[in-house]
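Input: a single structure, listed below in structure tokens.
Just so you know, residue 1 is the first one in the sequence shown, and it goes up from there. Just the heavy atoms: all of them, side chains too, but no hydrogens, waters or symmetry mates, feed the values below.
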Amino acid sequence: MPIASVNPATGETLETFEPLDAAGLEQRLARAEAAYRGYRTTSFAHRAELLRRAADLLDEEREAIARTMTEEMGKPLTAARAEAAKCAKAMRWYAENSEALLADEHPDPADVADAGAARAYVRYRPIGVVLAVMPWNFPFWQVVRFAAPALMAGNVGLLKHASNVPRTAVALEELFVRAGFPEGCFQTLLIGSGAVEGVIRDRRVAAVTLTGSEPAGRAVAAAAADEVKKAVLELGGSDPFVVLPSADLDAAVATAVRARAQNNGQSCIAAKRFIVHADVYEPFTAAFAEAMRTLKVGDPMDEDTEVGPLASRQGRDDLEELVEDAKKHGARVECGGRRPEGFDAGWFYEPTVITGITPAMRIHQEETFGPVATVYKVADLDEAVALANDTPFGLSSNVWTDDPAEQERFVRDIEAGGVFFNGMTASHPALPFGGVKRSGFGRELSGHGIKEFCNVTTVWVA
């Protein structure tokens with residue numbers, strides 16, 4: 001079956017691609033293995049030069065790249081431009097810092113003398129061919145935050161991108177080729193999800209990284225474990241956004257809107273559950289609902305659009321089901337809660353705020369992947385912490401308080417891979433990114449991310 005690129009704002013099929021057959025897939029796997037043999041021995045300086053060229057191309061072609069992302073998955077054009085710029089920044093960060101991040105580590109000679117070593121050290125070596133199974137919501141950024149550190153470490157990459165962004169997947173391969181990376185160092189595999197397990201199990205693939213849904217993560221992790229291969233998983237999130245009485249309410253409301261509506265609400269690290277202290281619940285909820293209500297929904301190519309369509313019809317339908325289930329069980333819709341009028345084509349959904357959530361509702365435990373926010377009232381700090389942790393996910397968290405003791409309590413007790421105070425969760429190349437519980441394991445970005453796919457080698461010299 002062809003792999004189709006469909007514009008979510010119109011439902012129009014833009015282009016179709018034939019998936020790789022068995023011979024084509026074998027050719028690409030063999031090419032990756034051959035590329036790794038040579039590329040692994042290149043210098044950090046050479047790899048950095050290539051990665052900087054890729055960053056320069058991203059900057060030069062930002063408008064075309066942004067339009068491809070917007071046409072293919074519906075994010076506002078302004079957000080797509082920002083995503084391309086962020087990718088270039090991350091490439092340059094790894095080009096600049098990777099050699100230091102992977103420098104040999106030398107323990108104190110006295111610590112190893114009793115083992116008979118005149119000297120000993122640790123070296124980080126590349127692991128091989130790494131398969132990346134990536135999602136559609138940040139179609140360039142998700143790939144670059146894997147590819148930049150992997151390539152700088154001396155690994156080579158295979159990309160199985162989401163099937164609804166094939167044009168982006170092809171553009172990514174072309175970017176690295178045009179930057180001068182040797183043939184086979186970064187290749188896109190246009191294959192269906194059913195072919196992924198076979199690639200993971202192939203002897204030439206050393207490891208796999210996945211960003212995506214929990215079911216996809218389970219399948220990938222199971223195959224990797226069965227083959228005794230390294231895996232890194234970044235799965236779903238239902239991040240809390242806690243507002244306590246000392247918060248700057250105006251700033252908290254403005255940030256809450258951005259945190260929920262970014263990328264049309266389709267972000268793992270978007271704030272989704274707004275947990276508000278009773279003392280500030282009424283003013284926060286009223287202002288938040290009003291601000292969400294006034295967001296401009298429209299054509300993502302329009303410079304003024306703030307919320308575009310959902311990336312797929314299925315995604316819009318799934319979101320509708322969660323909202324309807326909540327309404328059926330007594331939730332109150334403060335704004336939105338339906339498809340907007342005047343959008344007969346495309347997969348649009350109004351920015352929505354829901355209150356009165358109870359554990360009987362699916363939305364209490366399931367991730368809302370779209371511009372829908374749930375707001376809870378809590379009586380005190382203990383209840384806020386308990387509710388924030390009452391989720392199977394643990395990706396990140398946002399907490400609004402100026403009280404140092406309250407901040408320390410959340411750092412100690414929140415079950416998440418990150419805690420962002422008085423601001424919005426964001427990923428940055430210098431900081432590790434990843435979660436706990438069903439949000440996955442392992443880390444991307446920073447020194448932690450580049451070392452995930454390295455052979456940590458002990459060297460002992462008598």
Before accepting this row, confirm whether a basic side-chain N of the pair [X]/[Y] lies closer than 4.0 Å to the acidic partner's carboxylate O.
| X | Y | answer |
| --- | --- | --- |
| Arg145 | Glu234 | yes |
| Glu83 | Lys86 | no |
| Arg28 | Glu33 | no |
| Arg409 | Asp382 | yes |
| Arg338 | Glu350 | yes |
| Lys229 | Asp202 | no |

Between Phe274 and Phe288, is a ring-ring contact (aromatic ring centres under 6.0 Å, His included) present by the stated rule, with each step listed? CA-CA 10 Å; Phe274 295 81; Phe288 181 40; 4.7 Å; yes

Going by salt bridge (Lys or Arg N to Asp or Glu O under 4.0 Å), name the residues that satisfy it together with [X], two or more places apart in sequence or in a different chain.
| X | value |
| --- | --- |
| Asp380 | none |
| Asp390 | none |
| Arg273 | none |
| Arg412 | none |

Check whether [X] reaches the backbone of [Y] with its side chain - one donor and one acceptor, N or O, closer than 3.5 Å.
| X | Y | value |
| --- | --- | --- |
| Asp302 | Asp304 | yes |
| Asn155 | Val129 | no |
| His364 | Ala360 | no |
| Glu367 | Ser238 | no |

Mind listing the closest non-hydrogen atom pair of Ala430 and Ser446 along with its distance?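 Shortest heavy-atom contact: O-CB, 3.5 Å.
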
Nearest heavy atoms of Ala261 and Leu295, plus distance in Å: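 For Ala261 versus Leu295, the nearest heavy atoms are CB-CD1, 3.7 Å.
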
Parallel, tilted or perpendicular for Phe181 and Phe176, by the 30°/60° rule?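 Aromatic pair Phe181/Phe176 classed perpendicular.
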
Parallel, tilted or perpendicular, judged at 30° and 60°: which one describes the rings of Phe369 and Trp136?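 Aromatic pair Phe369/Trp136 classed perpendicular.
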
Partners meeting side-chain contact (heavy atoms from CB on, under 4.5 Å) with [X] (sequence neighbours left out):
| X | value |
| --- | --- |
| Ser213 | Pro215, Ala216 |
| Glu334 | Ala289, Arg332, Val353, Thr355 |
| Glu321 | Arg362 |
| Ala331 | Ala326, Ile354, Ile357, Met361 |

Return the set of residues passing side-chain hydrogen bond (donor to acceptor under 3.5 Å, both in side chains) with Arg178 (not counting sequence neighbours), or none when no residue passes.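 So Arg178 forms a side-chain hydrogen bond (donor to acceptor under 3.5 Å, both in side chains) with Glu61.
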
Test of understanding: with side-chain hydrogen bond (donor to acceptor under 3.5 Å, both in side chains), list the residues that count as partners of Glu324, not counting sequence neighbours.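 Lys327.
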
Given the rule in the side-chain contact (heavy atoms from CB on, under 4.5 Å) test, do Lys160 and Met134 qualify, once you have shown the distances and angles that lead to the verdict? CA-CA 6 Å; Lys160 191 288 178 204; Met134 293 287 109; over 6 Å; no

Could you tabulate the donor-acceptor pairs under 3.5 Å formed by side-chain atoms of residues 4-14, not counting sequence neighbours?
unit_1: Ser5; atom_1: OG; unit_2: Glu72; atom_2: OE2; d: 2.8
unit_1: Asn7; atom_1: OD1; unit_2: Ala9; atom_2: N; d: 2.9
unit_1: Thr10; atom_1: OG1; unit_2: Glu12; atom_2: N; d: 3.1

Assess, by modelled atom type and distance only, whether the side chains of [X] and [Y] contain a donor and an acceptor separated by less than 3.5 Å.
| X | Y | answer |
| --- | --- | --- |
| Thr168 | Thr68 | no |
| Thr209 | Lys230 | no |
| Asp403 | Gln407 | no |
| Asn398 | Asp239 | no |

Rounded distance [0.5 Å steps], CZ in Phe17 versus OG in Ser163: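 One gets 11.5 Å once the value is rounded to the nearest 0.5 Å.
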
Can you give each donor-acceptor pair under 3.5 Å made by side-chain atoms of residues 339-348, sequence neighbours left out, with the distance rounded to 0.1 Å?
unit_1: Arg339; atom_1: NE; unit_2: Glu320; atom_2: OE2; d: 2.7
unit_1: Arg339; atom_1: NH2; unit_2: Glu320; atom_2: OE1; d: 3.1

